[in-house]
Amino acid sequence: MLVFTMISRAVSGASMARVETVKISTGTIDHKVSGSGKVEAGKEVAVFTEGGQRVKEICVQEGQSVEEGDTLFLLDLEELEEQVLAAQQELEKIKLQNEDARSSQQTQQEARALAQRRAQEDYSQAISKGDADVAKAKADWDAAERALQEFLRDHPRPAEQVGAAYPEGNAQKFENQIRGAQNQDFKAASQKSQSQGNPESQNGQGQESQKLEDLGNANQDNPSEADQDNQSGSEQGSQNGTGQDDPGIINQDNPGGAGQDNQEDQSQGNPGGAGQEGQGDSAAEWDAQKSQLESAVAEAKSAYEAAVSARTESIRTAARAIEDAAAAAPADSTTAQNKISQKQQQLALGKLQDLQKAGGKVMAPVGGMVTQIAVTTGDFTTEGTAVRLADTSQGNRLVATVDKSNETYVQKGGQVTISPAGSKEKIQDFTISNVSVNKEDNTLIDISVDLPKGVLEPGTSAQIEIVQKSSQYSAVIPVQALYEEQSGYYVLLLREQQGVMGKELVAERIEVQVLDKNSTNAAIQEGLLTAEQEIIRASSRSIGDGSRVRRAE
């Protein structure tokens, strides 16, 4: 039995997995991030020149270092001089256009001022002439009216005809009715002239309308005078006609003539007192004379109304001419636009003259390295960049890329160690100046490190290493001792137990919580394990919870 037991233990021991164990320790979990990149210029400077210039010679090459003031390329001076002359001529043309625009504006202003003065003069003249025409027409109307009234007063109609045509005693009443109707017509004409007055009189011309109203009411203000004249004429006619069979013949060629002529006609017409036929002819002539006088009054009245209407229309036209002359002039930005063009042309000419003074040389504004040449010998320059320079006067910049999964451990201001390609020397004490996502691949991030002048030249390749240290942990184990599954992390402990064949070692599973880890170590929650417990770090074969194991020799 002893022999068999020993053989069995030997076979069993040979089949068990051999394991290596460790114990928990204290320490930090440091994270290292590595990447690679190239040194770039701290900033780039674009060199421009005027477009349309012929390139005579290029004096540098890409990758060449230049100092401030070094000649980059030369321009053709003959072509440049022609362009300077053309720019000067264009500037002179713009100046002449400005002078023409100012002269035109001044002329327009003077013409508008003259038009306003003339319109005002025409307005005043229209008022004066209209008043004069209305006054003359009113005077003619009054004269025709007086001639009619004097005729009716001094030459009464023959009594026989009056008595025959009208009942006895009504002749004087009829004449008074005629004169009353004439006065009413005159009053209506005056009111009409007032209603047709100048609508522009509200703008300060009320005196002209008042003149028309005074003229229109002149005959109405003293109606008793006309009645007195008519009455006296009737009485005189009665006295002169008493006892006479033939009142005489009225001179038709002079309807407004004096009574003397009428008396002479009467003395020559029928001195013997003609019969009924002579009296009929005298009445017909009297009616014709009266009709002519009434026609003259009507014509004078129409002339007066026409004068009032013409005055109103002429004043209205003159007032509108004043308004038109006073209207605001249209906006004219020609002068302002020419000034803008003149400034632009002066700037362009100044740049060409600067190139001419420099002898057609385009020079480096700063010291650095030529990274791009965009001009060609013999061709004309464009409005874009002619030469691009890497400005090294303020230092350069190292840009390296790392995996985005390390973004947590890369922060602005973190320490960086730089290892230039082809050199075993490491450059330390530099910090991260910027962290950004790579523009071409969003699974990478770009790390920028500013370098002082003279540390590394643009184009140099280099490796970077970023180390982020953690706080002190009290339970740290090798990452090889940590197992992971869907439910979480666990470790296998080495435990001794009593078996059929005596004491034996087995693996025991213990769930743990990981606080932090890197590629070598992991920090687990404190209190789950003790410092005396042995943790299986490695095994010769796959093992699990309860697997019998033995220590590796």
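Fair warning: this is a prediction, and the values are worked out from it, not measured in the lab.
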When you check the gap from the basic side-chain N to the acidic O, do D324 and R320 get nearer than 4.0 Å? no

So do L389 and T371 actually touch side chain to side chain, heavy atoms under 4.5 Å? no

Looking at E99 and K95, is there a salt bridge between them, counting it only when a charged N and a carboxylate O are closer than 4.0 Å? no

Side chain of T431, backbone of G414: donor and acceptor closer than 3.5 Å? no

Straight-line distance of K361 NZ to E57 CD, nearest 0.5 Å: 10.5 Å

Between R157 and D287, does any NZ, NE, NH1 or NH2 come within less than 4.0 Å of an OD or OE carboxylate oxygen? yes

D70 vs V60, side chain to side chain contact (heavy atoms under 4.5 Å, CB included): CA-CA, chis, key distance, verdict: CA-CA 9 Å; D70 288 350; V60 295; 5.9 Å; no

Backbone of D100 reached by a side-chain donor or acceptor of S104 within 3.5 Å: no

Just wondering, do L355 and T49 contact through their side chains at under 4.5 Å, heavy atoms? yes

Polar side chain donor-acceptor pair, Q53 to D76, under 3.5 angstrom: no

Please name the pair of heavy atoms, one in V437 and one in N442, separated by the smallest distance, quoted to 0.1 Å. CG1-CA, 3.8 Å

Any side-chain heavy-atom pair from Q342 and N98 closer than 4.5 angstrom? yes

Ignoring hydrogens, what is the shortest heavy-atom contact between G52 and F380? Give both atom names and the distance. O-CD2, 3.2 Å

With no hydrogens and no angle check, is any side-chain donor or acceptor of R146 less than 3.5 Å from a backbone partner on W141? no

Between R54 and D379 (salt bridge meaning N to carboxylate O under 4.0 Å), is one present in this structure? no

Say you draw a straight line from CG of L444 to NZ of K404; how long is it, rounded to the nearest 0.5 Å? 9.5 Å

How about CD on E67, more than 12 heavy atoms from neighbouring residues, nucleotides or ligands closer than 6.0 Å, or not? no

Do V55 and L74 have side-chain heavy atoms sitting under 4.5 Å apart? no

For P365 and V45 the tightest heavy-atom approach is CG-CG1, 3.9 Å

For the pair T71 and V362, evaluate side chain to side chain contact (heavy atoms under 4.5 Å, CB included) and give the outcome as yes or no after the intermediate values. CA-CA 6 Å; T71 301; V362 179; over 6 Å; no

State, to 0.1 Å, how close I322 and Y123 come at their nearest heavy-atom pair, and which atoms those are. CD1-CB, 3.5 Å

For the residue pair V134 and R311, what are the closest heavy atoms and their distance? CG2-CD, 3.9 Å

Atom CD of Q346 and atom CD of Q353: how far apart are they, to the nearest 0.5 Å? 10.5 Å

Check whether more than 12 heavy atoms from other residues, nucleotides or ligands sit under 6.0 Å from atom CZ of R118, and answer yes or no. no

In sequence, state the C-alpha distance, the side-chain angles, and the governing distance for V449 and N434, and then conclude on side chain to side chain contact (heavy atoms under 4.5 Å, CB included). CA-CA 7 Å; V449 180; N434 187 48; over 6 Å; no

Just checking, is any N or O donor in the side chain of Q149 or E145 under 3.5 Å from an acceptor N or O on the other one? yes

Surrounding CD of E78 (heavy atoms of other residues, nucleotides or ligands, distance under 6.0 Å), is the total greater than 12? no

Would you say E62 has more than 12 foreign heavy atoms packed within less than 6.0 Å of its CD? yes

So, taking the atom named OG in S124 and the one named NZ in K129, what distance separates them when rounded to the nearest 0.5 Å? 15.0 Å

Around E110, counting heavy atoms of other residues, nucleotides and ligands shown, do more than 12 lie under 6.0 Å from its CD? yes

Show, in sequence, the C-alpha distance, side-chain angles and deciding distance for E90 and K93, and conclude whether the salt bridge (Lys or Arg N to Asp or Glu O under 4.0 Å) test is met. CA-CA 5 Å; E90 184 65 24; K93 185 188 299 183; 3.8 Å; yes

Do R117 and Q120 make a side-chain contact, defined as non-hydrogen atoms from C-beta onward lying under 4.5 Å apart? no

Distance check, rounded to the nearest 0.5 Å: L352 atom CG versus Q88 atom CD? 9.5 Å

Nearest non-hydrogen partners of E407 and I445, listed with the distance: CA-CD1, 4.0 Å

With distance as the sole test, does Q105 use its side chain to make a donor-acceptor pair with the main-chain N or O of R102 at under 3.5 Å? no

Using side-chain heavy atoms (C-beta onward) and a distance below 4.5 Å, is L152 in contact with K290? yes

Any side-chain heavy atom of K38 within less than 4.5 Å of one from V399? no

Please tell me if the side chains of Q356 and E81 come closer than 4.5 Å, counting only heavy atoms from C-beta onward. yes

Okay, side chain of T317, backbone of E313: is any donor-acceptor separation there less than 3.5 Å? yes

Could you check F73 against T377 for side chain to side chain contact (heavy atoms under 4.5 Å, CB included), going step by step and ending with a plain yes or no? CA-CA 9 Å; F73 58 93; T377 303; over 6 Å; no

Working to the nearest 0.5 Å, report the span between CD1 of I447 and OG1 of T401. 8.5 Å

Taking only residues two or more places apart in sequence or in another chain, which ones pass salt bridge (Lys or Arg N to Asp or Glu O under 4.0 Å) with D140? K136

